[in-house]
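In what follows, a single structure is set out as structure tokens and then discussed.
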Amino acid sequence: MSPQAQDQAQSLVQSVDWLAIAPPTIAAVVALAVLVADLFVDGRKKALLGWVSVAGLALAALALLPLLDGDRSTFCLTGDADVCSYTADRFTLVIQFLVLGGALLAALLSMTTLKDASKDAATNAATNAGKDADKALPEGEFWFLLLSSAAGAALLPASRDLATLIVALEVASLPAFALVGIKHGDRKSSEAALKFFLSSVTATAVSLMGVSFVYASTGTLYLTEIATRIEDVDPQLHTLAQAGVVLTLVGFAFKTAAVPFHFWVPDTYVGAPLPVAAYLSVVGKAVGFSGLILVTVIALPSYGDVWGPALAALAALTMTIGNVGALRQRATRAYSAVRLLAWSSVGQAGYLLVPIAAAAYSEDAQKAIGSTVAYALMYAAVNLGAFAVAALVARTKPLNRISDYRGLYASRPLAALVLGFFLLCLAGLPPGIIGLFAKVTVFSAAVEAGLGWLAVVMAVNVVIALFYYLQWTALLFRAPEGEPESHRVPAPLTVAIALTAVLGVALSGAPQLILRFSDTGLF
């Protein structure tokens with residue numbers, strides 16, 4: 001090879017910053033290790049796979065610590081080191097912490113669920129001559145899918161080009177379809193997975209068309225270059241660029257469960273194992289909102305007149321329909337507690353959309369985006385805690401009706417107090433101070449951006465949500481019907497409830513900790 005050819009070859013070789021990509025890489029490597037180990041681990045020792053997965057997620061989260069010193073980028077253009085596909089900045093680290101922390105708590109909940117499913121399958125197999133032996137959840141596959149999805153979710157906030165963004169979105173989503181439908185022989189689980197899959201694939205196809213339109217208009221996939229070039233698009237391509245902006249947002253709006261892309265949420269949450277529903281409610285939303293933020297405020301700030309009004313309308317519709325849906329849940333209906341949490345998560349998605357829409361009108365877009373990040377952190381902690389208590393109740397009352405929580409204080413006083421605290425946080429009432437602060441932050445973002453009408457809609461919806469949150473909270477402390485049931489709580493479930501409770505109380509005591517994330521470092 002000639003010296004000139006060698007120089008050209010070397011110019012194409014990139015040095016990989018392994019420290020920057022460590023968090024998603026660790027999750028992916030542990031996922032493969034668990035899948036391979038499942039082939040050799042005896043059935044009685046499958047619980048080890050769960051502990052390995054929890055340790056892997058904890059290690060991935062700890063890998064964020066060395067990245068706090070400053071921004072790092074890798075997979076950059078050889079001719080321009082400032083244009084990169086992967087950037088670990090403050091925004092990336094905060095979202096990765098949320099994703100990996102949420103996945104870790106979901107993994108702790110899953111350990112109890114998998115163990116209970118194995119016991120039930122063994123009992124059914126003994127009593128029904130082996131007919132129901134296949135209803136145990138496949139542990140190796142479960143942990144592989146959860147870790148793979150977490151790896152994709154951790155990759156997405158670091159993505160700085162549209163191709164990597166879409167790939168990360170699908171890596172986070174495809175394993176989630178399988179997790180929803182992982183209950184063998186369960187009709188609800190299969191229907192939920194199919195509905196989730198078909199609607200998500202449709203949204204992804206629309207987004208890919210939008211990406212192709214944006215690429216055709218600008219000639220690049222890198223977010224920072226798109227922001228520069230799209231301002232000078234040929235007038236003949238202006239309509240194409242606008243269509244690309246709208247279509248690209250569809251896939252991320254689906255992940256956030258924004259109306260009208262929310263219809264999959266209630267059935268999916270009910271059909272999925274509870275830990276998977278908890279995972280989707282937090283990590284799935286983090287994926288969608290981080291993608292929305294990157295596409296809108298980083299790649300397409302000059303098209304704020306297109307996506308700003310669209311997201312403001314979506315926010316108003318989403319919070320209203322979500323809260324009305326939660327309000328209509330009957331306490332005696334099967335799985336009404338999970339359905340209420342599902343509709344509540346749709347309503348909360350509306351609040352999360354408000355600051356992103358406000359960024360299109362605000363002079364300080366970074367502060368507006370910081371409000372969404374701060375609210376997302378609050379929501380993640382308390383919503384995972386609420387699902388953890390729901391998983392505890394479901395161990396003795398599998399239909400998980402709201403009425404099943406009546407008198408929970410008599411049998412499980414700590415669990416009742418913790419769930420009441422989580423519901424008050426979601427409602428934005430003391431002593432859930434962090435919920436109140438987060439809502440005030442979002443409300444302020446709307447007012448400062450001149451979106452007074454959206455702030456009014458949000459205020460009305462907060463009042464609507466107070467009714468069903470307080471109604472459920474009051475039910476916890478009523479006299480129980482019949483004798484209170486008591487049973488031993490598994491250690492992983494106890495740890496999950498305790499961690500979320502400690503986090504919620506600590507943030508309510510020092511809400512300034514979470515509000516510091518208003519400086520996302522995106523700009």
Side-chain angles (χ1 to χ4, degrees), residues 94 98 102 281-282 285-286 289 315-316 318-320 322-323 326-327 340-341 343-358 362 367-389 416-449 451-452 454-474 476-477 499-520:
V94 172
L98 192 160
S281 73
V282 171
K285 277 188 173 47
F289 281 106
T318 301
M319 66 177 76
T320 302
N323 285 317
L327 191 64
L340 188 147
L341 287 174
W343 282 108
S344 165
S345 74
V346 174
Q348 298 288 340
Y351 303 146
L352 285 161
L353 280 169
V354 170
I356 305 178
S362 176
K367 184 178 179 182
I369 294 306
S371 299
T372 288
V373 174
Y375 196 97
L377 288 170
M378 179 283 298
Y379 168 77
V382 298
N383 204 62
L384 281 169
F387 268 103
V389 178
L417 289 171
V418 167
L419 179 57
F421 173 72
F422 291 143
L423 294 175
L424 291 176
C425 282
L426 289 171
L429 289 177
I433 302 298
I434 187 57
L436 175 62
F437 268 67
K439 280 185 169 57
V440 169
T441 304
V442 170
F443 190 86
S444 300
V447 173
E448 290 174 5
L451 296 174
L454 188 55
V456 171
V457 172
M458 180 180 173
V460 172
N461 275 278
V462 169
V463 174
I464 294 173
L466 285 178
F467 182 80
Y468 62 80
Y469 284 133
L470 289 177
Q471 192 176 46
W472 192 356
T473 303
L476 302 173
F477 302 97
L499 283 175
T500 51
V502 169
L503 189 58
V505 171
L507 292 176
S508 290
Q512 66 273 15
L513 294 176
I514 204 168
L515 296 180
R516 287 177 184 172
F517 291 109
S518 59
D519 179 14
T520 58

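Here the structure is a predicted model, which is why all the values come from computation and not from measurement.
Here the side chains of Asn383 and Gln348 are not in contact, with every heavy-atom distance at 4.5 Å or above. For the pair Leu340/Leu327, no side-chain contact is recorded, criterion being any heavy-atom separation below 4.5 Å from C-beta on. Within the 4.5 Å cutoff, the side chain of Tyr351 has heavy atoms near those of the Asn461 side chain. Side-chain contact between Leu98 and Val282 is present, with heavy atoms from C-beta onward closer than 4.5 Å. The shortest distance between side-chain heavy atoms of Leu507 and Leu377 does not fall below 4.5 Å. Counting heavy atoms from C-beta on, the side chains of Leu417 and Phe477 come closer than 4.5 Å. Considering only heavy atoms from C-beta on, Pro355 stays 4.5 Å or farther from Tyr375 through its side chain. Residues Asn323 and Tyr468 have side chains in contact (heavy-atom distance under 4.5 Å, counting atoms from C-beta outward).
For the atom pair CE (Met319) and CG (Leu353), the distance works out to 8.0 Å, reported to the nearest 0.5 Å. Rounding to the nearest 0.5 Å gives a distance of 12.5 Å between CE of Met378 and CD1 of Ile433. Remark: Leu466 CG to Leu424 CG distance equals 9.5 Å, nearest 0.5 Å. Taking CH2 from Trp472 and CG from Leu423, the interatomic distance works out to 5.5 Å, rounded to the nearest 0.5 Å.
Thr500 places no side-chain N or O within 3.5 Å of a backbone atom of Val382 that could act as its donor or acceptor partner. Of the possible polar contacts, none joining the Lys439 side chain to the Ala459 backbone as a donor-acceptor pair under 3.5 Å is found.
Of all the heavy atoms in Gly420 and Leu476, the pair that sits closest is N-CD1, 3.7 Å.
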